[in-house]
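Both counts, for ligands and for their atoms, begin at 1 and track the order of listing. All figures in this text were calculated on a predicted structure; none of them were measured in a lab.
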Amino acid sequence: MMKILHVCCSSRGQFSESCRISRKIIELLRAKEPSSVLTNRVIGGGAIAHIDASYASALGATESSFAEAFPMGSMSRSEELIQELERSDYVVIGTPMHNFTVPSALKAWIDHVVRVRRTFDSTTEGYVGRLRDRPVFVAVSSGGRYSGERARQPDFLTPYLRAILGVIGLNDLTVFSIEGTALGRDAVVEARIKTDQALEEYFRHLPVRPHCSGDVFP
Ligand SMILES: Cc1cc2nc3c(=O)[nH]c(=O)nc-3n(C[C@H](O)[C@H](O)[C@H](O)COP(=O)(O)O)c2cc1C
């Protein structure tokens with residue numbers, strides 16, 4: 001049975017544009033694979049605390065520590081979030097752009113799931129991810145435009161997400177965006193139509209995934 005993890009990063013709840021798109025992505029995925037199970041992980045609005053001192057010390061150390069052997073506090077929360085990620089076949093992240101990059105809520109989630117000796121190893125060759133690769137869909141909402149000819153600001157969000165998720169082994173990222181939500185009603189309507197068309201077009205051609213986490217690989 002296919003498992004979808006939905007990570008919703010906006011603090012605006014049901015009014016969130018990014019979560020509207022991520023929910024649409026989930027709808028389209030489920031239309032392809034109706035037997036899927038959904039896990040909703042809401043991280044916006046301070047739902048995930050910043051990391052604590054013990055976690056920061058453990059990750060800064062060269063060797064495994066007591067905190068990793070007997071997880072409590074942020075280490076325990078990290079374990080919970082990582083296991084949720086490991087169980088998923090698809091990850092769908094809905095996130096606003098804040099100050100040219102990911103919002104602090106998403107950064108807090110990343111700080112919990114990108115963990116040395118657990119989701120990646122640091123070797124002389126560089127970082128080696130430990131997670132099985134799987135499709136990750138990212139829905140970005142931004143007040144202004146950050147891509148295309150009409151962009152008026154830099155984008156530190158999408159290259160950052162690609163780089164950091166790549167560290168833990170998640171390299172299969174597909175990004176959809178709704179840009180210009182602060183540019184007036186007409187711009188929002190135009191952006192919604194454009195995004196919805198891009199989604200429909202993409203999912204029309206997406207093949208049903210041959211293997212899910214419950215499958216046995218040879
Ligand atoms: C703290 C903060 C910082 C923001 N920074 C940016 C930014 O750098 N660029 C941009 O285009 N929009 C920025 N915005 C606007 C949001 O990206 C925009 O309102 C977005 O549609 C919100 O998505 P949501 O509806 O999913 O919360 C910012 C909003 C907030 C609250």
Practice problem: Decide, yes or no, whether a salt bridge links Arg77 with Glu84 under the criterion of side-chain N to carboxylate O below 4.0 Å. | Solution: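 Looking at Glu84 together with Arg77, the answer is no, because their closest N to O distance does not fall below 4.0 Å.
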Self-check item: Under-4.0 Å salt bridge between Arg145 and Asp155
Solution: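 Looking at Arg145 and Asp155, the cut-off is not met.
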Practice problem: Apply the test salt bridge (Lys or Arg N to Asp or Glu O under 4.0 Å) to residues Lys107 and Asp111: give CA-CA distance (whole Å), side-chain angles for both, the deciding distance (0.1 Å), then the verdict. | Solution: CA-CA 6 Å; Lys107 182 59 169 52; Asp111 288 344; 2.8 Å; yes
Exercise. Mind running ring-ring contact (aromatic ring centres under 6.0 Å, His included) on Tyr146 and Phe100 for me, showing each step along the way?
Key: CA-CA 8 Å; Tyr146 66 82; Phe100 305 156; over 10 Å; no
Self-check item: Contacting atoms of ligand 1, where contact means under 4.0 angstrom from a heavy atom of Ser10
Solution: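 So the atoms of ligand 1 that pass are 24 (P), 26 (O), 27 (O).
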Quiz item: Can you list the ligand 1 atoms lying under 4.0 Å from a non-hydrogen atom of Arg12?
Solution: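 Atoms satisfying the 4.0 Å criterion: 24 (P), 25 (O), 27 (O).
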Self-check item: Selection from Ser11, Ala151, Ser18 by shortest heavy-atom distance to atom 26 (O) of ligand 1
Solution: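 Of the listed residues, Ser18 has the closest heavy atom.
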Practice problem: Verify the distance criterion only: is there a donor paired with an acceptor across the side chains of His6 and Ser22 at less than 3.5 Å? | Solution: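 On atom types as modelled, these side chains qualify, holding a pair under 3.5 Å.
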Quiz item: Is it true that the side chains of Glu68 and Ser65 contain a donor and an acceptor less than 3.5 Å apart?
Solution: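 Short answer, yes.
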Quiz item: Heavy-atom contacts under 4.0 Å between Glu17 and ligand 1: side chain, backbone, both, or neither?
Solution: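 Under 4.0 Å from ligand 1, Glu17 contributes backbone and side-chain atoms.
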Practice problem: Flag Arg145 as yes when one of its N or O atoms lies below 3.5 Å from any N or O atom of ligand 1, and as no otherwise. | Solution: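 The answer is no, given that Arg145 and ligand 1 share no N or O pair closer than 3.5 Å.
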Practice problem: Could you say whether the N/O atoms of Pro96 and ligand 1 ever approach to under 3.5 Å? | Solution: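 Min N/O separation from ligand 1 is not below 3.5 Å for Pro96.
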Which protein non-hydrogen atom lies closest to [atom], naming both residue and atom, and how far is it?
atom                    : answer
atom 8 (O) of ligand 1  : Phe100 N, 2.8 Å
atom 14 (N) of ligand 1 : Met97 O, 3.4 Å
atom 9 (N) of ligand 1  : Gln153 OE1, 2.9 Å
atom 19 (O) of ligand 1 : Thr181 OG1, 3.7 Å
atom 2 (C) of ligand 1  : His98 CD2, 3.5 Å
atom 5 (N) of ligand 1  : Asn99 N, 2.8 Å
atom 12 (N) of ligand 1 : Gly143 N, 3.0 Å
atom 23 (O) of ligand 1 : Ser141 OG, 3.1 Å

Quiz prompt | Within 6.0 Å of OH in Tyr127, more than 12 heavy atoms from elsewhere | solution =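 For Tyr127, atom OH is not crowded (no more than 12 foreign heavy atoms under 6.0 Å).
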Quiz prompt | Residues, nucleotides or ligands: over 12 heavy atoms within 6.0 Å of Glu125 CD | solution =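 Counting neighbours around CD of Glu125, 12 or fewer heavy atoms of other residues, nucleotides or ligands fall under 6.0 Å, so no.
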Quiz item: Do Val138 and Val140 have side-chain heavy atoms sitting under 4.5 Å apart?
Solution: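 A side-chain contact exists here, since the closest heavy-atom pair is under 4.5 Å.
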